[in-house]
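This report refers to the structure that appears directly beneath it.
Source: prediction; values computed, not measured.
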Amino acid sequence: MLDATTRSGGTATASPRAIATELVVPALAPVPVATTVAVPGGLAARCTRVLLSPWARFALLVVLLAAAASSVLLFEPQKLLADGWPPQLGGVSAAAVFALAYGLCTVAFVPRPLLNLAAGALFGTQWGTAASLAGTVLGAGIAFGLGRLLGQDALRPLLRGRLLKAADGQLSRHGMRSMLVARLFPGVPFWAANYCAAVSRMGWLSFLVATALGSIPNTAAYVVAGARASSPTSPAFLIAMACIALPAVGGAAVAWRKRHHLRRP
């Protein structure tokens with residue numbers, strides 16, 4: 001491999017090309033890649049996703065409603081009809097507190113006719129009607145918000161039956177009109193209308209406006225009946241009873257005329 005030797009017998013010298021060919025650089029061994037270390041926040045992220053899942057939120061809604069119903073059974077708000085309002089409250093402040101309690105009680109499935117009668121007996125016709133309507137809208141808004149936030153994502157995939165889809169489509173496309181009829185018709189439970197509307201795609205404004213307008217006749221009639229309960233033969237009491245019955249008949253007639261919409265596939 002020597003390129004040339006000196007003619008005088010000197011030592012051989014290698015050319016640079018020969019040196020380059022004989023020097024072999026050893027290949028470097030691959031550096032092992034460090035394994036990925038699990039991030040401590042991974043478990044927390046998975047738990048958060050589970051807790052925020054549709055069915056977890058729906059379970060929370062069920063727990064909240066069960067707790068509300070249990071509290072009603074414990075505190076018995078129907079005692080207002082017998083015991084009256086706390087004496088330390090009066091006037092506008094008493095009506096405002098009653099409206100707040102009214103809204104919370106409707107979320108906890110307390111029947112509205114009972115609350116309306118109590119409002120009339122405690123505050124009379126004017127203040128009783130105002131407090132009842134304010135509590136009605138407040139309770140409806142709370143129930144609608146809870147149902148929309150905690151129950152809509154879990155329950156909408158279950159709307160597979162023909163009647164369920166038709167009812168959902170009616171509420172979603174004609175929310176104002178449908179909710180107005182539901183409020184005028186006393187046979188529809190208040191809480192059921194709230195949560196059905198929450199599961200649908202009805203807007204907030206349509207729901208609240210229809211609730212406020214549709215609840216006026218029935219609410220005022222019950223409040224007047226509660227205010228005049230001591231004289232059941234008075235004209236005001238009899239007119240109130242008629243106003244309670246007429247919306248029921250009108251709502252039944254409208255539901256009968258619109259029955260074909262619910263039968264569409």
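By the rule that hydrophobic residues join a cluster once side-chain heavy atoms approach within less than 4.5 Å of another member, Ile142 and Phe109 end up as members of one cluster. Ile239 and Met241 are assigned to two separate hydrophobic clusters, defined by single-linkage of ILVMFWY side chains at heavy-atom distances under 4.5 Å. Following chains of ILVMFWY side-chain contacts shorter than 4.5 Å, one can reach Leu60 starting from Leu65, so the two form part of one hydrophobic cluster. Under the 4.5 Å side-chain heavy-atom criterion for grouping Ile, Leu, Val, Met, Phe, Trp and Tyr, Phe190 is not connected to Leu104 through any hydrophobic cluster. Transitive grouping of hydrophobic side chains (ILVMFWY, heavy atoms separated by less than 4.5 Å) brings Leu115 and Leu122 into a common cluster.
Put simply, the side chain of Ser234 gets close to the backbone of Ser231: a donor and an acceptor are under 3.5 Å apart. No side-chain donor-acceptor contact under 3.5 Å links Ser215 to the backbone of Ala212.
The shortest heavy-atom contact between Ala140 and Arg183 is CB-NH2, 4.0 Å. Taking both residues in full, the closest heavy atoms of Trp204 and Gly145 are given as CH2-CA, 3.5 Å, listed atom of the first, atom of the second, then distance. Val107 and Ala143 get closest at one heavy-atom pair: CG2-N, 4.2 Å. Smallest separation of non-hydrogen atoms from Trp127 and Ala95: CE3-CB, 4.1 Å. In terms of heavy atoms, Thr125 sits closest to Val224 at CG2-CG2, 3.7 Å. Taking both residues in full, the closest heavy atoms of Ser132 and Ala119 are given as OG-CB, 3.1 Å, listed atom of the first, atom of the second, then distance.
The ring-ring contact (aromatic ring centres under 6.0 Å, His included) check on Phe237 picks up nothing, with sequence neighbours excluded.
With a 6.0 Å radius and a threshold of 12 heavy atoms from other residues, nucleotides or ligands, Arg148 has its CZ atom above the threshold.
A distance of 11.5 Å separates CG of Leu238 from CZ of Arg228, quoted to the nearest 0.5 Å. If you take CD1 on Ile244 and CG on Asn116, they are separated by 9.0 Å, rounding to the nearest 0.5 Å. Atom-to-atom distance recorded for Arg201:CZ and Arg173:CZ is 12.0 Å, nearest 0.5 angstrom. Expressed to the nearest 0.5 Å, how far CG of Asn218 lies from CG of Leu184 amounts to 8.5 Å. Tyr195 contributes atom OH, which lies 14.0 Å from atom OG of Ser200 (distance to the nearest 0.5 angstrom).
Contact check for Thr106 versus Thr136: no side-chain heavy atoms found under the 4.5 Å cut-off.
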### Task
Under the side-chain contact (heavy atoms from CB on, under 4.5 Å) rule, what do Leu180 and Leu213 come out as? Steps first, then yes or no, please.
CA-CA 7 Å; Leu180 193 62; Leu213 296 178; 4.1 Å; yes
### Message
Apply side chain to side chain donor-acceptor pair (under 3.5 Å) to residues Tyr102 and Arg112 and explain how you reach the verdict.
### Response
CA-CA 8 Å; Tyr102 187 113; Arg112 287 182 60 249; 3.3 Å; yes
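Under the 30°/60° scheme for interplanar angles, the aromatic rings of Phe144 and Phe207 are found to lie parallel.
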